[in-house]
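Worksheet: the structure to be examined is printed underneath.
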2 protein chains.
Amino acid sequence: MARPPAHSVDETAVGAPPARRIDRGLLPTLLGYELRRTQSAVFADFAATFAAAGETLTPGEFGLLVLVERNDGMSQMALARALGIDRSTLVPILDRLQARDLLVRRRSPTDARTHALGLTAEGEQAVARFTRLVKAHEKRIASGLSAAETRLLIELLEKVRTAARSL
Amino acid sequence: MARPPAHSVDETAVGAPPARRIDRGLLPTLLGYELRRTQSAVFADFAATFAAAGETLTPGEFGLLVLVERNDGMSQMALARALGIDRSTLVPILDRLQARDLLVRRRSPTDARTHALGLTAEGEQAVARFTRLVKAHEKRIASGLSAAETRLLIELLEKVRTAARSL
DNA sequence: TATTGTTATACTCTATAACTATA
DNA sequence: TATAGTTATAGAGTATAACAATA
């Protein structure tokens, strides 16, 4: 069976003109779909918040920095596990943060195979600044919700995460 | 100021042994963080559901196929806008789906610049199969929630998306 | 002139496999 | 043997800039 090349155009005529309004069918009733769309909008708000303050950071980098700050001396393996990513994925991310002088790989006193991760003084200061921006961002994305609704939302998300975890 | 090379190791000794339990600090109180973690777990459940059925599909591809099915003849620009991605990003995604014979780029009868996107017969059948798998996946991730809680969660997510949109 | 789809390019996130040093 | 970090590599998702065809 010969297959047409990529982005070939089917020459069969078609009658329907382009749809005016987009019909999303069942998608808006799907938790996974709404989760993905919301997460995408929240990511954009995060980026815009940091860009407006002249800072560059992704949500993932923020989470990583907080983890290292709260768990000084942790290994790359422990960090990768906490982030749910492969240890090889972590390497270039740490390289970048280290190049920005926010983080250091120190010698572990107990196991020469591991690195003891830690923030630099500059990293500590940066995390303090970043935390203020994150709080402003959080306030904005939760602005349509009461405090009780925000807590409820987080609870419901945790329940979904637990159910999804039990594969 | 000379900067050490990537993944250099700081020779300053450090006393703290690796932390036993991970301290996540303020992260679990952040909507953005919980959203990201939940979305990641849901994505993994989606992938596992499809893999277990011998099918290969991402949530993004499912959303795209449903959009094309419900809006037959739509252009690539319209689809890119509906998905919130750049038109250039869409090209290789459509190439892949077209190579799998699920989707076709047809000639538009009204505007030779555009393609009228549509599903093949095989694509229609596949979407029917995929929809059954998605429903099973949705049932699993929502298994910790009542029907009312699921609806509420979707409502709260929409409110967050709206607030994040208004940048 | 403006729009659509494509290409070239680049960057990030993700993984697997194999290598080195160490335990 | 097993573990930690690194490298090489590859695939997917994302974007911008420039181009050809068409409006």
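If you're wondering where the values come from, they're calculated on a predicted model, not measured in any experiment. In what follows, every chain begins at residue 1, and chains take the letters A, B, ... in the order their sequences are listed.
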Quiz item: Which atom pair, heavy atoms only, marks the closest approach of A/G63 to B/L27?
Solution: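 Nearest pair, atom of A/G63 first, then B/L27: O-CD1, 3.8 Å.
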Could you work out which one of [options] sits closest to the side chain of [X]?
X: B/V91; options: D/dT6, C/dT7, D/dA4; answer: C/dT7
X: B/R81; options: C/dT4, C/dA17, D/dA15; answer: C/dT4
X: B/T89; options: C/dT16, D/dG13, C/dT6; answer: D/dG13
X: A/A112; options: C/dA15, D/dT7, C/dA23; answer: C/dA23
X: A/S88; options: D/dG13, D/dT6, C/dT7; answer: D/dT6

Just the rounded figure in Å: distance from [atom2] of [N] to [atom1] of [X].
X: B/M77; N: D/dA23; atom1: CE; atom2: P; answer: 17 Å
X: A/L90; N: C/dA15; atom1: CG; atom2: C1'; answer: 14 Å
X: A/R87; N: C/dT14; atom1: CZ; atom2: P; answer: 16 Å
X: A/F43; N: D/dT14; atom1: CZ; atom2: P; answer: 11 Å
X: A/D95; N: D/dT6; atom1: CG; atom2: P; answer: 7 Å
X: B/L97; N: D/dA12; atom1: CG; atom2: P; answer: 12 Å
X: B/Q39; N: C/dT14; atom1: CD; atom2: P; answer: 11 Å
X: A/R107; N: C/dA23; atom1: CZ; atom2: P; answer: 12 Å

Exercise. Select from A/D86 and B/H115 the residue whose nearest nucleotide in DNA chain C is closer to the 5' end of that strand.
Key: B/H115
Quiz prompt | salt bridge (Lys or Arg N to Asp or Glu O under 4.0 Å) between B/R100 and B/E122, worked out | solution = CA-CA 9 Å; B/R100 289 172 66 181; B/E122 200 176 324; over 6 Å; no
Quiz item: Less than 4.5 Å apart, any side-chain heavy atom of B/E158 and any of A/E34?
Solution: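 The answer is yes; the side chains approach within 4.5 Å.
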Quiz prompt | Note, A/T131 side chain near A/F62 side chain (heavy atom, < 4.5 Å) | solution = yes
Quiz item: Phosphate oxygens OP1/OP2 of D/dT6: is one of them under 4.0 Å from a side-chain N or O of A/R105?
Solution: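 Result: yes.
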Quiz item: Does A/Q76 or A/R36 map to a spot on DNA chain D nearer the 5' end, using the closest nucleotide for each?
Solution: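 That would be A/Q76.
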Quiz item: Does the side chain of A/Q98 pick up a donor-acceptor pair with the side chain of A/R105 at under 3.5 Å?
Solution: yes
Practice problem: Return yes if the base of C/dT12 and the side-chain atoms of A/T58 contain a donor-acceptor N/O pair under 3.5 Å, otherwise no. | Solution: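 Per atom types, no contact qualifies.
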Quiz item: Per the atom types in the model, does the base of D/dG5 pair as donor or acceptor with the side chain of A/R113 at under 3.5 Å?
Solution: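 No pair found.
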Practice problem: For A/T114, answer base if it contacts any base atom (sugar-phosphate contacts may also be present), sugar-phosphate if it contacts only those atoms, and nothing otherwise; contact means non-hydrogen atoms under 4.0 Å. | Solution: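 The residue A/T114 makes sugar-phosphate contact but no base contact.
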